[in-house]
**Q** 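Questions regarding the structure given below will be posed in turn.
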Amino acid sequence: MRNDGGTTGLDFIRQIISDDVREGKNGGRVHTRWPPEPNGYIHVGHAKTLLLNYWIAQEFGGKFNLRFDDTNPAKEESEYVEAIMEDVRWLGVDWEDRLFFASDYYEQLYEWAEYLIKEGKAYVCDLSAEEISEYRGTAKRDGDAMITPPGKDSPYRDRSVEENLDLFRRMRAGEFPDGSRTLRAKIDMAHPNLNMRDPVMYRIVRATHHRTGDAWCIYPTYDWAHGQSDAIEGITHSLCTLEFENHRPLYDWFLDNLPIEQRPRQIELAPLALTHTVLSKRKLRRLVEEGHVAGWDDPRMPTIAGMRRRGYTPEAIHDFVRRVGVTKAEGMVEISLLEHCIRQDLNRRAERRMAVLDPLKVVITNYPEDKVEELTAINNPEDESAGMRKVPFSREIYIEREDFMEDPPPKFYRLAPGREIRLRYAYFITCTDVMKNPSGNVVELRCTYDPATRGGDAPDGRRVKATIHWVSAPHAIDGEVRLYGPLFIKENPDDVEPGGDFLDNLDPDSLVVLTGCKLEPSLKNAEAGERFQFERKGYFCVDPDTRPDRPVFNRTVTLRDTWAKIKGRIKG
RNA sequence: UAGGGCGUAGCCAAGCGGUAAGGCAGCGGCCUUUGGAGCCGUGAUCGGAGGUUCGAAUCCUCCCGCCCUAACCA
């Protein structure tokens with residue numbers, strides 16, 4: 001059993017599956033699938049069900065399929081197919097040669113539809129969408145209560161098999177206008193589950209499909225396509241989110257009433273919800289289309305593409321999904337857990353560098369004018385094999401503006417007038433003078449150094465309370481750093497005033513762009529996607545916008561910051 | 001309202017009738033050439049009320065709360 005987070009034992013889904021295997025269902029075979037609709041980019045919430053389906057197939061020695069659920073040509077595009085495949089691959093999920101599309105099964109689905117018609121279990125209905133809704137017995141207001149009346153049969157429900165067949169064939173042939181007729185399953189208009197009240201199987205839509213082009217003008221609905229697609233592929237366990245629970249009786253009904261041997265079992269689990277962000281394609285699309293973010297891969301987005309650009313690793317996302325667990329209880333996971341996962345991963349693997357984001361010039365007055373030393377720095381204290389590097393040191397350096405205070409409060413250990421601190425891997429320095437401009441802002445510090453402390457150790461054993469990072473001024477390269485915070489101010493963006501919407505909770509400061517940052521010279525040739533820890537500041541990832549003369553870094557996540565907490569308490 | 005679900009510490013989550021794992025967050029401390037990392041310590045009687053039982057978070061009954069569906073979206 002694990003004791004490093006996550007859960008112990010088997011979750012309820014793995015229990016069900018191992019029971020099925022033990023009982024010899026499906027010949028002991030396990031075969032899962034993940035069925036994205038190509039109408040947007042996938043996000044961490046999708047990663048949860050994707051990885052679960054994939055992991056389970058592996059754990060039980062089974063197979064995993066990637067299948068695009070492309071039954072609605074009006075919303076779907078091949079651009080999304082490509083993007084989703086890239087993201088799935090990046091997450092380390094291998095579907096081998098099993099890439100499928102629901103549209104691969106259109107012909108088979110059509111044949112099965114005729115089968116149901118011939119069995120007297122499906123009929124062509126001429127009711128409009130609104131009428132179907134009314135006949136279904138859609139909930140109505142009754143005073144302040146809601147009433148769900150029983151449905152009543154469509155007047156077209158008892159058409160003969162011959163007439164249904166003729167009409168359905170003519171629907172396919174394109175003889176009727178869009179929306180004028182549907183094919184419906186003949187189940188039970190009084191069923192307590194509304195999904196069973198003669199659900200629509202086909203609708204007439206003249207839209208060009210990203211794969212089948214204009215070959216069809218009737219398209220299967222999700223309910224009519226999903227279970228059968230699972231069956232065709234030999235899927236044994238169909239894991240999906242809770243909102244499909246109400247559809248399970250219908251999923252089973254279709255399979256029960258079709259000449260199909262394979263019996264996939266649908267099991268539903270709670271979808272992921274995360275604080276300070278939204279995980280719904282509809283909302284993410286609005287953020288993109290209304291320009292609140294730069295695109296689906298904006299590093300503030302919870303999309304896989306956005307997280308990749310931000311600097312997240314597949315491993316951290318795996319760890320997060322594993323820790324979140326699998327249950328049917330819908331909860332909201334705190335974003336701090338995700339941040340913990342990426343910090344833990346990057347702490348192990350990211351090389352350290354020094355970068356000054358908000359520079360303050362320091363002149364070391366007793367250091368020789370033209371002298372330059374190459375000091376040795378450790379690339380990663382967590383990984384000896386990462387080795388060492390040289391960092392130039394000279395008379396003029398930059399330090400972080402917030403590492404100096406002219407009038408420091410009690411718990412502030414960093415540089416202050418008359419105080420000695422350590423420059424990481426370099427020397428102890430003592431602040432002797434504070435230079436200000438006419439408006440009283442600190443523009444430069446004068447310090448002295450102790451030559452005996454080279455490398456950072458004092459031979460006399462004296463200690464300093466702080467170590468700060470720095471960059472040699474003449475050697476520094478300029479860079480741009482983009483700081484990201486949560487997109488939304490509230491934990492739950494949907495917590496809004498009556499009449500408002502989630503956009504009201506957008507944080508206008510979720511992106512802060514810093515230019516004129518001073519980076520140590522070894523960062524000069526960093527390539528897009530490379531990740532570093534900027535000592536004491538956080539983890540950063542080189543953005544694709546980087547140019548040779550202008551490196552751009554995205555802050556993935558800050559380091560845990562005890563001083564920030566103390567500072568917050570002091571301010572009250 | 002009907003039907004379907006869910007309810008264990010601030011958050012996630014084990015527990016499957018024998019007397020509440022773990023992780024995250026928080027707090028306190030140790031250590032530290034990152035106020036990083038690491039290490040140690042610290043919190044719940046299980047939505048509520050009854051009942052069954054020697055014994056219940058686990059079984060039964062009733063109640064309360066929250067979520068989903070009521071698209072020719074998925």
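Lettering of chains follows the sequences in order, A, B, ..., and the numbering in each one begins at 1.
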**Q** Compare side-chain N and O positions of A/Arg197 against OP1 and OP2 of B/A71 and report whether any pair is under 4.0 Å apart.
**A**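 For B/A71, OP1/OP2 do not have a side-chain N/O of A/Arg197 under 4.0 Å.
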**Q** Can you tell me the Watson-Crick or wobble partner of B/A57, both distances under 3.5 angstrom?
**A** none
**Q** Just call it for A/Tyr539: base, sugar-phosphate, or nothing, with non-hydrogen atoms closer than 4.0 Å on any strand.
**A**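 Touches nothing.
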**Q** Base of B/G3, side chain of A/Glu245 - is there a donor-acceptor contact under 3.5 Å?
**A**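 No, the side chain and the base share no sub-3.5 Å donor-acceptor pair.
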**Q** Taking atom types as they are modelled, is there a donor-acceptor pair under 3.5 Å from the base of B/G4 to the side chain of A/Arg248?
**A** no
**Q** Now, which nucleotide makes the Watson-Crick or G-U wobble pair with B/C62, with each of the two distances under 3.5 Å?
**A** B/G48
**Q** For the P atoms, the ones on B/C46 and on B/U58, what distance do you get once it is rounded to whole angstrom?
**A** 9 Å
**Q** For the residue pair A/Tyr41 / A/His46, report whether a side-chain donor-acceptor contact shorter than 3.5 Å exists.
**A**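 Judged by distance alone, the side chains do not pair up.
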**Q** For a quick check of understanding: with a heavy-atom distance under 4.0 Å over all strands, which category does A/Thr182 fall into, base, sugar-phosphate or nothing?
**A** base
**Q** A/Ala329 near the nucleic acid: base, sugar-phosphate alone, or nothing, with a heavy-atom cut-off under 4.0 Å?
**A** sugar-phosphate
**Q** Taking the six-membered ring for Trp, are A/Phe534 and A/Tyr539 ring centroids under 6.0 Å apart?
**A** no
**Q** Please state the C1' separation for the pair B/C24 and B/U61 - nearest whole angstrom.
**A**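 To the nearest whole Å, 38 Å.
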**Q** Mind checking who B/U42 pairs with, Watson-Crick or G-U wobble, both distances under 3.5 Å?
**A**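 With both distances under 3.5 Å, B/U42 matches B/G26.
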**Q** Base, sugar-phosphate alone, or nothing: which one does A/Asn347 contact when heavy atoms must sit under 4.0 Å apart?
**A**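 Touches a base.
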**Q** So, does A/Thr327 get its side chain near the phosphate of B/C6, meaning an N or O under 4.0 Å from OP1 or OP2?
**A**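 A/Thr327 to B/C6 OP1/OP2: no side-chain N or O under 4.0 Å.
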**Q** Please report the distance separating the P of B/G26 from the corresponding atom of B/A37, rounded so that it comes out in whole Å.
**A**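 After rounding to an integer number of Å, I get 10 Å for this pair.
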**Q** Among the candidates B/A74, B/G36, B/G35, find the nucleotide nearest to the side-chain atoms of A/Pro381.
**A**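 Closest nucleotide to the A/Pro381 side chain: B/G36.
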**Q** Sort out the partner of B/A20 for me: Watson-Crick or G-U wobble, both distances under 3.5 Å, none otherwise.
**A**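 None - no nucleotide pairs with B/A20, as no candidate has both distances under 3.5 Å.
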**Q** Is A/Phe244 touching bases, backbone alone, or none of the nucleic acid, heavy atoms closer than 4.0 Å?
**A** base
**Q** Do the side-chain N and O atoms of A/Glu233 and A/Asn65 include a donor-acceptor pair separated by under 3.5 angstrom?
**A** yes
**Q** Give me the distance, rounded to whole Å, that separates B/C60 from B/A20 when you measure between the C1' atoms they each carry.
**A** 23 Å
**Q** Just to be sure I understand the rule, does A/His191 reach a base, reach only the sugar-phosphate, or reach nothing, if contact means heavy atoms closer than 4.0 Å?
**A**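 Counting heavy atoms under 4.0 Å across all strands, no contact is made by A/His191.
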**Q** Taking the P atom in each of B/U45 and B/C39, what is the distance between them to the nearest angstrom?
**A**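 Their P atoms lie roughly 29 Å apart.
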**Q** Would you indicate what A/Asp223 reaches in the nucleic acid, counting non-hydrogen atoms under 4.0 angstrom: base, sugar-phosphate, or nothing?
**A**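 Since no nucleic acid heavy atom lies under 4.0 Å of A/Asp223, the category is nothing.
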**Q** With heavy atoms under 4.0 Å as the rule, sort A/Arg560 into base, sugar-phosphate or nothing.
**A** sugar-phosphate
**Q** Can you confirm if the NZ or CZ of A/Arg424 lies within 45° of the ring axis of A/Trp470 and under 6.0 Å from the centre of its six-membered ring?
**A** no
**Q** Between B/G17 and B/A57, how far apart are the P atoms? Round to whole Å, please.
**A**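 Each nucleotide's P atom is 13 Å from the other's.
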**Q** Under 4.0 angstrom, heavy atoms only, what part of the nucleic acid is A/Gly331 near: base, sugar-phosphate, or nothing?
**A** sugar-phosphate
